[in-house]
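For reference, the structure discussed in these notes is given below.
Every heavy atom of this structure was used, including side-chain atoms; hydrogens, water molecules and symmetry mates were not. Throughout, protein chains are lettered first and strands after them, A, B, ... in sequence-line order, and every chain is numbered starting at 1.
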2 protein chains.
Amino acid sequence: MPQDLSFDLHALTARLDRSADRILQAEYGLSYRRFLTLLIVSRLGAPTQRAVSEELGVSEPSASRMTGVLAGMGLLDAQPDPAGGNRRRLSLTADGRQMVEQCRALLERRFHDLVKRSGVSYADYAHNTRLLLDALNTSAVPGVAAATTTTLRDVPSTDRA
Amino acid sequence: MPQDLSFDLHALTARLDRSADRILQAEYGLSYRRFLTLLIVSRLGAPTQRAVSEELGVSEPSASRMTGVLAGMGLLDAQPDPAGGNRRRLSLTADGRQMVEQCRALLERRFHDLVKRSGVSYADYAHNTRLLLDALNTSAVPGVAAATTTTLRDVPSTDRA
DNA sequence: CGCACTACCTTAACATGCTAACTTAGCTAG
DNA sequence: CTAGCTAAGTTAGCATGTTAAGGTAGTGCG
């Protein structure tokens, strides 16, 4: 059953995503990806779109499109960088800040409920997950992501996102 | 902190997927999703598209499109069910069977290498993953049982993450 | 027979990923 | 000053996910 772990992992994440999406969509009319983007902006301060794309683990075009949508919704503000250069500084609007906080709190509650009900040790599972992630980041499966992939850099540990 | 596990899980899975995708794309010119679809067909016997969509965890239209593509590639065979009804029986062609086996073996090797390098206990992690998945599945019906088809409908305070 | 119900599949429109290629702005050097 | 380099953002086209709505085969009842 060697294939089972990767398969289950996949299933687990896909379902978590869908659940998160349904919850946010129902409660706030916001998709999970959009929430995540807002959260990243909030955590990074006044990031460029490139910084957001790296932190989110998506390509720049994806981040570009996403920030455009969020700005259009009035949750995000994108201003040319006063320091010059072809870059934009992203920040949350008042609405955006409120939205992020509400969504974050809601998802956090739901997730902790789930972990508790499953009987899994949060700390233990989180630790192993990070070990796997680090192994993927540092050595990269031969022929894999490796150098080419620019996703989630090896951020030490606290703030991931 | 609390949010970290769900994010890490997300990041881990996303990267595993991308890695698998790159490996398969490079070696066999097949995407990971397509491989997964073939694998499911192989495991289920001669499933209908609906069965595949459920097993894969995607919607029926997705499965429909995917099987169409795979049939077009000559990896999958879709015949009207001789038993009647508006349904199609899916099966792998000789090419499809060979492709699945090669890809499966390759991914398995790579994945085991990764787990070994990470220092994580495969059995332990697999067990916890399964617990979470089960909690997510059962939680879909807190007291209402049934409605099993919908993947985690608007579950009160259980899913997400 | 005819109409409704169920199960399965398909089509249409849209959300989000990705890669490739192009544009824009500031910097550096001849 | 022009030419080239780098960084950041955008556009185009495709892969694959979703929901909504429609089509097709059996089954069952008045």
Dump the pairs, protein N or O against N or O of nucleotides 22-25 of chain C, anything under 3.5 Å, distances to one decimal.
residue	atom	partner	partner atom	Å
C:dT24	O2	A:N86	ND2	3.2

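Contacts classified as side chain to side chain donor-acceptor pair (under 3.5 Å) and involving residues 68-80 of chain A (residues at least two apart or in different chains) are given here: A:D77-A:Q79. For residues 56-67 of chain A, the pairs satisfying salt bridge (Lys or Arg N to Asp or Glu O under 4.0 Å) are A:R50-A:E60, with sequence neighbours left out.
Rounded to a whole Å, the CG atom of A:D17 is 13 Å from the C1' atom of D:dT18. Separating the CZ atom of B:R50 from the C1' atom of D:dT24 is a distance of 13 Å, rounded to the nearest angstrom. Atom CZ in A:R15 sits roughly 15 Å away from atom P in D:dG17 (whole-Å rounding). The separation between B:Q25 atom CD and D:dC14 atom P is 16 Å, rounded to whole Å. Atom CD in B:E60 sits roughly 14 Å away from atom P in D:dA20 (whole-Å rounding).
Between B:R88 and the phosphate of C:dA7, there is no side-chain N or O to OP1/OP2 separation shorter than 4.0 Å. Contact between the side-chain N/O atoms of B:R34 and the OP1/OP2 oxygens of D:dT16 is found at a separation under 4.0 Å. Contact annotation: B:R33 side-chain N/O to D:dG17 OP1/OP2 distance is under 4.0 Å. In this structure, A:Q49 reaches the D:dT10 phosphate: one of its side-chain N or O atoms is under 4.0 Å from OP1 or OP2.
Scanning for salt bridge (Lys or Arg N to Asp or Glu O under 4.0 Å) contacts around B:R33 gives an empty result, with sequence neighbours left out. Residues meeting the salt bridge (Lys or Arg N to Asp or Glu O under 4.0 Å) test with A:D124, sequence neighbours left out: none. With sequence neighbours left out, A:E101 forms a salt bridge (Lys or Arg N to Asp or Glu O under 4.0 Å) with A:R104. The side-chain contact (heavy atoms from CB on, under 4.5 Å) search around B:R97 returns B:L92, B:A94, not counting sequence neighbours. With sequence neighbours left out, B:D95 forms a side-chain contact (heavy atoms from CB on, under 4.5 Å) with B:L75, B:T93.
Picking from C:dC9, D:dA12, C:dT10 the nucleotide with the shortest atom distance to the side chain of A:P61 gives D:dA12.
Side chain of A:R117 to main chain of B:A135: a donor-acceptor pair is present (N/O by atom type, distance under 3.5 Å, no hydrogens or angles).
For the contact set between residues 62-71 of chain B and DNA chain C, defined by any heavy atom under 4.0 Å, the members are B:S64.
Side-chain contact between B:L132 and A:Y125 is present, with heavy atoms from C-beta onward closer than 4.5 Å.
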